[in-house]
Amino acid sequence: MNQNKLFNSTRWRLAFSYAGVMAVILSISGIAVYRAMSYFHWKALDRELESVVGTLHDNLEMKLQQPGRLEPIAQKLLSNLCIVGSNCIQEQSLFKRHVLGKINQSNYYVRFFDNSGRLIGTTGDYPEKISKISENEIWQTLKDSKGFLYYQVSLALHTQDNRNWGYMHVGRSLEDFESELATLRWILGLGLPMVMGLVSVASWQLAGLAMKPIYQSYEQIQQFTADAAHELRTPLAAAQATVESALLMPQLDEAETRNILQTLQRQNHRLTTLVADLLLLARIDKQSQAVQRELCCLNDIISDLIEEFSAMAFTSGVTLKYCGQVENLINVVGDSDKLYRLVSNLIVNAIQYTPKGGQVTVFLNRNDNHAVIQVQDTGIGIAPKEQTRIFDRFYRVSGDRSRSTGGSGLGLAIAFAIVQAHQGKLNVQSDLGKGSTFTVQLPLDVTPVKSDRPTHNNIAGFQKN
C-alpha cells in the first residue's frame, strides 16, 4: 500500500508538472495569438482608413475653389452630406461601388472645418460627447460618452490654386473591431480551460505510461531481492543446521566429520555458484555495450561443449547430438567466454528437462546477416503462459525439478543477458510434452571462407566484411 502511495504521489506530481508546463505554453501561445490578431487588425484598419481618406482627399481637392466653401459636387461624392445652416436632404450616392461608398456606412463619419475651425458640413453618425480632440495629432483614438471607441484621421484641404481651404476629420467606429477581439478573447478564455482539461487527462495518462516501466523495474528489483535472499538463505540455513547438529554431538569420529565437511562443501559450492552468477549478471548489465570484441568460431565452441557435456547427457540417459556446418566455418565477433557460457547454459537446461531416452540436438547455421544456434530437446516442454517469463531471473518452470538439480533459476536469465550484450536475439518455441527449441541469433561481423578448421585463437581464413 505504501509503495502504491509513493508511486501514485509521484504520478500526481509528474502529471501536475506536465499540465503546468503545458498551461504556461498554452497561455503564452494564447497571448501571442491575441496580440498578433490585434496587430494585424490594426494594420488592416490603418490601410482601410488611409485608402478612404486618401481617395476622399484627392477627389475633393480637385473640386474645391473657395476656402471654407463646399462645392455642390461634394454632395455627389458624399451622400447624406449636411451643410451647416441648410436643410439636409438625404440623397443616394451615385458612386456606390467607389471606395467612397465606405463613407456611407454607419461606422464612418466625416466633418469639414474652415481655416478658423468653424464646422462647415458633416456626414455619417458623429458620436455624442466625444473625448477632447487634439489639433496637433493626425491619428487619434477617441471615446464617446457610451464608451465606444473611434479611430480618427485629421487632414488639411487645399483649393485648386493651392490655397488653404481648411481641414477635415474622417473617423471610423471601432465597434466591429472590438467585437472581433472580444470574440477572440472569449474563444481563448473558454478554449484554454477546455484544452487544459484535456491536457490534464492526457498528462495523467502520460504520467502513468512514464511511471509504468519504473514501477515494473521496481517490482522486478523487489522480486529479485526477495528471490536472491531466498536462494542465499537456503545454503546458509543448510550449513548452519549442519554446524549446529555437529556441535550438539559430544564426540565426532572421522567418518562423521568427513560427512559434515562434505555437506558444508556442497552448500558452499552452491552459494559460491549463485554469487558468481549474480556477479556475472551485474557485470553484463553494467557493460552490455562494452562486450569484449574478439574473433569467435562458433563451430569450435559448440564442438567443445558437446564433448564436455556428453558424460552428463549419458548419465542422464539423454542422447546429445550436434548438427552443424563443417565446410564453412561460422564466425562472430564477441566475447568467447560469454558465448561459451551462453550455449552451455542452453545445453545444460535442455539435458536437465529431458527425461531418460530423450534427445538434445544442437544446430548451427547461418543466414544472410546472423549466425543461428538452435538447442532442441524432446523434454517436458513449457506452457505458453510461462514462455514469456522463463528468461526472468530466479524463475523456474518446474520448481521441484529445478531444485533437485540444484538450479537457481539464473541460467536462462544469464543466457538472455549475454545475447542482448551481443546485440542478438533469443527466443523459444515449445509444446507441453513434446519439447522445446531455443534459438539464438547473433549478428555476423565477418565473412567465412572455406579453410582448414582453425583453433579459437587462430583467425586465419576469415575476412572482415
If I compare all heavy atoms of [X] with all of [Y], which pair ends up nearest, and what's the gap?
X	Y	answer
Asn299	Ile330	OD1-N, 2.8 Å
Asn331	Leu444	O-CD2, 3.4 Å
Pro443	Gly424	CD-CA, 4.1 Å
Val419	Lys425	CG1-N, 3.2 Å
Leu426	Ala415	CD2-C, 4.1 Å
Ile382	Val428	CD1-CG2, 4.3 Å

Neighbour count above 12 (heavy atom, 6.0 Å) for Glu180 CD: yes
Whether over 12 other heavy atoms sit under 6.0 Å from Glu307 CD: no
Strictly by modelled atom types, are [X] and [Y] linked by a side-chain donor-acceptor pair under 3.5 Å?
X	Y	result
Gln429	Thr437	no
Gln359	Thr361	yes
Tyr108	Glu48	yes

Ionic contact status for Asp431 with Lys434, cut-off 4.0 Å: no
[X] side chain to [Y] backbone, donor-acceptor under 3.5 Å:
X	Y	value
Asn59	Thr55	yes
Arg11	Trp204	yes
Ser173	Glu175	yes
His422	Asp335	yes
Thr122	Val110	yes
Asp377	Val360	no
Ser430	Gly435	yes
Glu294	Ser336	yes

Residues that His41 engages under ring pair (Phe, Tyr, Trp, His ring centres under 6.0 Å), provided they are two or more places apart: Phe177
All ring pair (Phe, Tyr, Trp, His ring centres under 6.0 Å) counterparts of Tyr151, not counting sequence neighbours: Trp42, Trp139
Would you say that [X] contacts [Y] through its side chain, given a criterion of any heavy-atom pair below 4.5 Å between the two side chains?
X	Y	answer
Arg266	Thr263	yes
Ser154	Gln140	yes
Val440	Leu346	yes
Gln420	Phe416	yes
Ile306	Leu320	yes
Leu181	Ser38	yes
Ser310	Met312	no
Ile380	Leu432	no

State the [atom1]-[atom2] distance between [X] and [Y], to the nearest 0.5 angstrom.
X	Y	atom1	atom2	value
Asn349	Leu412	CG	CG	4.5 Å
Glu308	Ile347	CD	CD1	8.5 Å
Thr315	Phe309	OG1	CZ	12.5 Å
Gln152	Leu174	CD	CG	11.0 Å
His370	Thr439	NE2	OG1	13.0 Å
Arg47	Leu49	CZ	CG	12.5 Å

Derivation of the side-chain contact (heavy atoms from CB on, under 4.5 Å) call for Ile414 and Lys338: CA-CA 9 Å; Ile414 292 174; Lys338 288 185 173 61; over 6 Å; no
Worked verdict on Phe112 versus Leu60 for side-chain contact (heavy atoms from CB on, under 4.5 Å): CA-CA 11 Å; Phe112 295 97; Leu60 283 176; 3.4 Å; yes
Check against side-chain contact (heavy atoms from CB on, under 4.5 Å), Phe363 and Val375: CA-CA 6 Å; Phe363 298 90; Val375 179; over 6 Å; no
Stepwise side chain to side chain donor-acceptor pair (under 3.5 Å) test for Ser344 and Arg341: CA-CA 5 Å; Ser344 68; Arg341 180 66 181 273; 4.7 Å; no
side-chain contact (heavy atoms from CB on, under 4.5 Å) between Leu155 and Val170, intermediate numbers included: CA-CA 8 Å; Leu155 198 61; Val170 180; over 6 Å; no
Side-chain donor-acceptor distances from residues 14-34 under 3.5 Å, at least two apart:
residue	atom	partner	partner atom	Å
Ser17	OG	Arg13	O	2.8
Ser27	OG	Ala23	O	2.7
Ser29	OG	Ile25	O	2.8
Tyr34	OH	Arg185	NH1	2.6

Tyr150 and Tyr109 aromatic ring geometry - parallel, tilted or perpendicular at 30°/60° bounds: perpendicular
